[in-house]
Every structure is written in C-alpha cells, then in structure tokens.
Amino acid sequence: MGAGLADFFNILPNSAMLVLLLTGGVVLAIAGWSWFVRRHSRRQLQLAQQNMLVSALADVQEAAILVDANGMVGFINPAAEKILKYKIRSARGKHFSDLFALIEPVTHNPVPWLDKAKRNDRPMLRHALLNASGLNEVQMTYTVQPITYEDASQPCYMLLLRDQTELYALQLRLDHAEMHDAHTRLLNRKGFELRLKVAIDQVHKHGVKHSFCLISMDQFKLVNDSMGHTGGDVLIERIADMLKDEIDGRRDVLARLGGDEFGILFQEIEPSVAIRAAEHVRRRLEQYDFQWNKKRQKVTASIAFVPLYKNLRTPNRILSDADVACRIAKSRGGNRIHIYKPNDQEILKQQGTIVWLGRLKKAFEAGNFRLVAQPIHPLEPAEFKKPFCHYETLVRLYDENNQPVPPDEFIPAAEAYSMMPRLDRWVVSKLIQTLKEVTQKVPRPVFAVNLSGQSLDEPAFLQFVLDEIQTAGISPGMLCFEITERVAIHNLELAQHFIETLKGLGCSFSLDDFGTGVSSFGYLKSLPVDYLKIDGSFIKDIANDDVANAMVRSVNQVGHLMGVKVIAEYVENDRVIQILREIGVDFGQGYGISKPIPIEEVIRNHVI
C-alpha cells in the first residue's frame, strides 16, 4: 500500500486534537479498506483504494478535499460540498484556488498548505481563515497529509478542514465577559490594564501625553451599611453613568477597577488639561445627592492623578502608585485630588520604602524565608481518595519573633524594589535541593513554583534554573513552573522560549490566574502549557453567582478544547467541589482540600 492512507493516519497518535477531528467510523472504515485491498490484484488495487477512500470520508463532519500535486481537485466529500457550495462533479478537475483560499489569521497572507505538504512539512493542526463562495474569513482548523496510491507516480494530498465558528464565538463571548464589568458594562480591571499597556507603549515610543485618574468613593461603605447592598449597586450604576458624561468617549477610557473604584485614562492631552478635567469630576461628585428608598446620602471621592512618565513601565506599577496617592487623599479627609510625584515624601512614606527594603535584606541574610506546599488534587471521586501527589510551592516570611508576615505585605514590596528575582532564585534553589530527598517514582510527585515577571525578564534566569536542575540531578518532571497571563504577555516571545526550553527537559507549565489577564483564549493558543488555573475570584462565588458559574464552565470548556488540564483555585468547601465535578474541572486547590503543609513534611510522604 506504500505511503497510502495508512500513512495519512500515522499522525493520529501525535495530536490529541486531531483525534477529536476524526470519528471512530472513519478509523473502522479505513481498517476495512486496508483488509479489502490486500486481497485484490494490482490492477484493481488503485480503484479499490479510491473507492474505499470515498466511502470512508463520506459521513465525517470534516470537509475533505483531495488534490493532486498540481492542486487539481479529484474528490471532495459531502461536508466539503456543503461548505464550498460545490458538488463533487463540478469541483473535480478545478484548481483548489478556484474553490477556496486559506488565509493566515495574523498576516492575512495565503496559506501555502500544498507547497508545505510537498516538502513533507506536515502540520499537526493549524488555524486559518477560509474564504469561499458566500464565506468570508470563517475560522477553521486544518491538517494535510500525502496519500500515495499503488503504481501512482506522484502522491495526492488530502486537506481536512473543520469549522471552528462555534468555538470562536465562545472565545468572543468569553473575552468580552472577561474584559467588562457585568454590573456597569464598563471595562473591568483586566480590560483597562490592556488599554493602559498600550498607552505606556505610546509614551515610550512616541512621547504621547496621557494621564491616569484613580477615583475611589469615600462613603461607599456607609451607603452599603445604611441603604443595603442594593442601594450600593444603584449608586455604582449612577456614578458610572455620571462619569461617562464627564469624559470624551472618542478619546478617553473609563473602567470600573474594583467595588467602589473607577479609572479614567485621559489620552493625548496635556497633564494640565487632564487635571482640570479630574477636578471637574471631583466637583460633580461632591454636588451629587444620592437618593434611594427615601434615604439621602452625600457622596465624595478621593482621586489620585498620575501622569504617565517614560520611567513608568507596567500597568501594575501605575495602579500601585495611584493606589498610594489615593490613600494619601483619603488620609487627608477625602474629597480631594493627590497628584503622584515619584519623589513625594508622603508617597515614599506610604510605600514604606526604607522599612521594607531593610526588612527584606535582613530576611535574606537571616534565612527567614520558608517553603510550604499546598496540594493540587484531582476532583474525580476515585482519584480524590488517593494520597496527595501534586502541590503548589509557596514562600513564607517570618519576622524576628518567628511570626508569619502576610504575603500580601512582603511580595508587593519585593516587586516594588526589584527583589523578586533574588526571591525566585532562593525558592527555586531551595525547592530543587529539597526534592533530592524524594525517592518515590510511581506516582512521581509534582511541585509547582511561581515565577515573577522580573525573573523571566532576566536573561540569566533560565540558565540559572537549568544549572540548578543539572547540579542537583533531580528528575525535571517533578517541576511545574507557574506564570501568570500578565507575565506571559509582557514578553510573549521570551515566555515561549522559557517554556519550550524547560519542557524539553520534562518540566511542565501552568498558566496562573486564568481569566484575569489579557485576551486569555488567544494567548493560551500561543503558550504550550500543561495546566491552566482558573482565577479564584470566579471560584469563590460559583455556588451563588450565575455569571461566575458560567465563566468557570466556559473557561473549562476552552481549556479542554485546547488539550490542557484545568485547575480551580480557592476551593473552600464540599459544595464547591461538587459543582466543579459537575462542570468537569480536573483539579482543585484550596482550604476545602488542604491547607498549605511545611515542605519537609510533604517530602517525607514521598520517601520510600
């Protein structure tokens, strides 16, 4: 049979996604075809091959187009007839370019799929846009494979197409839900960070003048306490509508950043003009008299004003600086604007620069950091009963009195003063040295470790990790590195190189905080990760919030379609576990499964 249709299906073991494309009926038909043709004469063999090929592809959902080496169509199956609006008798003998064109989604250049196939460049599964009669840029996945008939001088080529419109629509719904606040329909924090990142790039590259305003309501808790949460929700809606009237919708960007916080990005105007606009917002809020259920409440806001300077590098840093300036405005009684200046003594005092810088240095010198591990456990009932074997490694800091320091205090401080690479190196080195004691191989334990964007940005960090693994002589398969969406997209090419290099050794990767980054679905396709972790903000409300429940279902579906395992964070009780099982989430992590355990105790459970 040469390199016949048997070779066509040799790619099946190499791609789980392709298995989804081909039905079991096709496989059985091809098996029968192979048995049949071996029992015919050489002259009848080619005809038998062709007939069985047509029979095998008649009922599959994928559009199948068979062309010769010159691109002339010899066969299309019923699914292709439906998509291309051509019957087989009309399509046969035409060049495939007369029927359709595949377009690269990013560059919009034609896909040279036939030329690649001739060079034996066999794609596992690729994405493309399909243009055909009555169709314009329809989302597709495709694969192509040579087929050699007996006694044929040249192979033919089979192109399989599958319509991904439904999946793409799911992506759009998911992206929109992730980018917008459901209550006010404004951009949410995630969507705003994306716009802020674009603005930062414009400042760096072109010197464009932008300013950011953080608006935090002063009396929101009082409204919630006196008027109830429904009254608080109504106030937020009215404030959102009021702010919409105060900005230039063609130029400025408005978002709801948190419960009672809004953000305005004033774009392409002088800071002096933007500050006057911010003052107008403050006065408008001051004059607003909120009425609800026969109750009245005056409202004001504390506002931080941050001009976007060239030395401001990330959205997180700008939001952090604005938060500090906003706290200063509140500490002075609220209803005022505080303008951020890098050398402002009050800003430095609020940030605790001198105190935290010294504390972190002493912590490294005194060895006050420790590791704990929190189990990440399968949720499937039978697997759930088994011992823990997958963990997330967490770092803890203890003060001079051996009391734990909340991570929310020392991690932001380490990030603010660029000490995360040193901390990440300590965690990676300490974990790898500890894993030398593990002797259990079946099942082999896996320990995930978080990496900061500062570490990934260091050119020498990857080599440091490789050296540590080699020196310790541990199995790389015990290591899983977790990076957040924000870290990954900050330098996508660098993140891809980091992941591919360590995956080549046997390490695995997890995309953390999925759903809070930027364009989650699109970037997931670009990152060869093994796990994705649904952000805990969705999980904690899953039992009582229909939107959160729908988000988790959508993210889980997307993850599984992309062939990765899904982990839910913040799993706090049995009710959440049951809901996650019904949805089909693979793993859970949280106090409802186990609290973090000292790393030494965990390791003892994996020593035979």
Side-chain angles (χ1 to χ4, degrees), residues 360 362-378 386-399 402-407 410-411 414 419-452 454-456 458 460-483 498-499 501-503 505-510 512 530-531 533 567 569 587 589-591 593-608:
L360 287 172
K362 288 182 180 179
F364 280 112
E365 294 169 359
N368 291 340
F369 292 106
R370 302 175 193 172
L371 293 183
V372 296
Q374 186 173 35
I376 299 172
H377 205 49
K386 296 181 180 179
F388 299 137
C389 200
H390 190 165
Y391 310 86
E392 178 180 358
T393 308
L394 305 168
V395 62
R396 295 290 185 259
L397 172 62
Y398 288 80
D399 62 19
N402 202 33
Q403 295 300 308
V405 178
F410 73 87
I411 294 295
M419 299 183 75
M420 283 306 298
R422 183 177 180 182
L423 182 57
D424 284 347
R425 286 171 183 258
W426 182 88
V427 171
V428 169
S429 181
K430 178 67 174 178
L431 174 62
I432 289 177
Q433 290 301 314
T434 305
L435 293 182
K436 290 168 63 176
E437 301 176 21
V438 172
T439 56
Q440 176 182 313
K441 295 184 179 180
V442 181
R444 180 176 58 194
V446 176
F447 291 80
V449 56
N450 289 281
L451 297 180
S452 70
Q454 293 177 5
S455 294
L456 287 182
E458 277 197 356
F461 186 75
L462 174 57
Q463 190 58 50
F464 164 78
V465 175
L466 295 172
D467 292 342
E468 287 289 315
I469 294 173
Q470 183 178 14
T471 302
I474 67 164
S475 169
M478 287 193 291
L479 294 173
C480 176
F481 293 96
E482 289 193 3
I483 57 177
F498 190 92
I499 293 173
T501 301
L502 288 172
K503 279 180 69 72
L505 291 182
C507 301
S508 54
F509 276 82
S510 178
D512 201 4
D530 305 276
Y531 307 93
K533 300 183 77 171
I567 302 171
E569 298 180 302
F587 294 88
Q589 177 184 357
Y591 278 41
I593 295 174
S594 174
K595 295 181 179 180
I597 307 167
I599 193 74
E600 295 79 11
E601 182 180 332
V602 170
I603 294 299
R604 284 197 293 270
N605 294 330
H606 299 287
V607 175
I608 298 176

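This chain uses plain numbering: 1 for the first residue, then up along the sequence.
In this structure, R422 CZ and Q454 CD are separated by 13.5 Å, a value rounded to the nearest 0.5 Å. Taken to the nearest 0.5 Å, the CZ atom of R604 stands 9.5 Å off from the CD atom of E437. How far CD of E468 is from CD1 of I474: 9.5 Å, rounded to the nearest 0.5 Å. For the atom pair I411 CD1 and L360 CG, the distance stands at 9.0 Å (nearest 0.5 Å). Taking CE of M419 as the start and CZ of F364 as the end, the distance is 5.0 Å to the nearest 0.5 Å. Rounding to the nearest 0.5 Å places CG of L451 at 11.0 Å from OG of S510.
Within the 4.5 Å cutoff, no side-chain heavy atoms of P404 are placed close to those of R396. No side-chain heavy atom of V602 sits less than 4.5 Å from a side-chain heavy atom of P445. Taking 4.5 Å as the limit, some side-chain heavy atom of E569 sits within range of a side-chain heavy atom of D512. Counting heavy atoms from C-beta outward, W426 and P421 have side chains that stay 4.5 Å or more apart. Contact annotation: the side chain of I376 never approaches that of Y531 to less than 4.5 Å [non-hydrogen atoms, C-beta and beyond]. The shortest distance between side-chain heavy atoms of N368 and V405 does not fall below 4.5 Å. Using a 4.5 Å heavy-atom cutoff, the side chains of F464 and E458 are not in contact. A 4.5 Å side-chain heavy-atom check between V427 and N450 finds every atom pair outside the cut-off.
Using the six-membered ring where Trp is involved, F587 and H390 have ring planes that are perpendicular, over 60° apart on the 30 and 60° scheme. Between Y391 and F447, the ring planes lie parallel to each other; the angle is under 30°, not in the 30° to 60° tilted range. The aromatic rings of F481 and F498 lie perpendicular to each other, with more than 60° between the two planes, well past the 30° mark.
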- request: Could you walk me through whether K430 and R370 pass side-chain contact (heavy atoms from CB on, under 4.5 Å), step by step?
  value: CA-CA 9 Å; K430 178 67 174 178; R370 302 175 193 172; over 6 Å; no

- prompt: Would D424 and S455 count as a side chain to side chain donor-acceptor pair (under 3.5 Å) if you check the C-alpha gap in whole Å, the side-chain angles of each, and the deciding distance to 0.1 Å?
  reply: CA-CA 7 Å; D424 284 347; S455 294; 2.6 Å; yes

task: Tell me, with the steps shown, if D530 and K503 meet side-chain contact (heavy atoms from CB on, under 4.5 Å).
output: CA-CA 10 Å; D530 305 276; K503 279 180 69 72; 2.9 Å; yes

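Between E601 and N605, the side chains place no donor N or O within less than 3.5 Å of an acceptor N or O (distance only, hydrogens not considered).
Nearest heavy-atom pair across V372 and P598 is CG1-CA, 4.1 Å. For P375 against K595, the heavy-atom pair with the smallest separation is CD-O, 4.0 Å.
For the pair T471 (side chain) and D467 (backbone), a donor-acceptor distance under 3.5 Å is present. With hydrogens and angles ignored, the 3.5 Å screen pairs a side-chain donor or acceptor of Q374 with a backbone N or O of S594.
Partner L479 forms a side-chain contact (heavy atoms from CB on, under 4.5 Å) with one of V446, L435, L502, T393 and no other, that one being L435.
For Q440, the CD atom sits in a packed shell: over 12 heavy atoms of surrounding residues, nucleotides or ligands are nearer than 6.0 Å.
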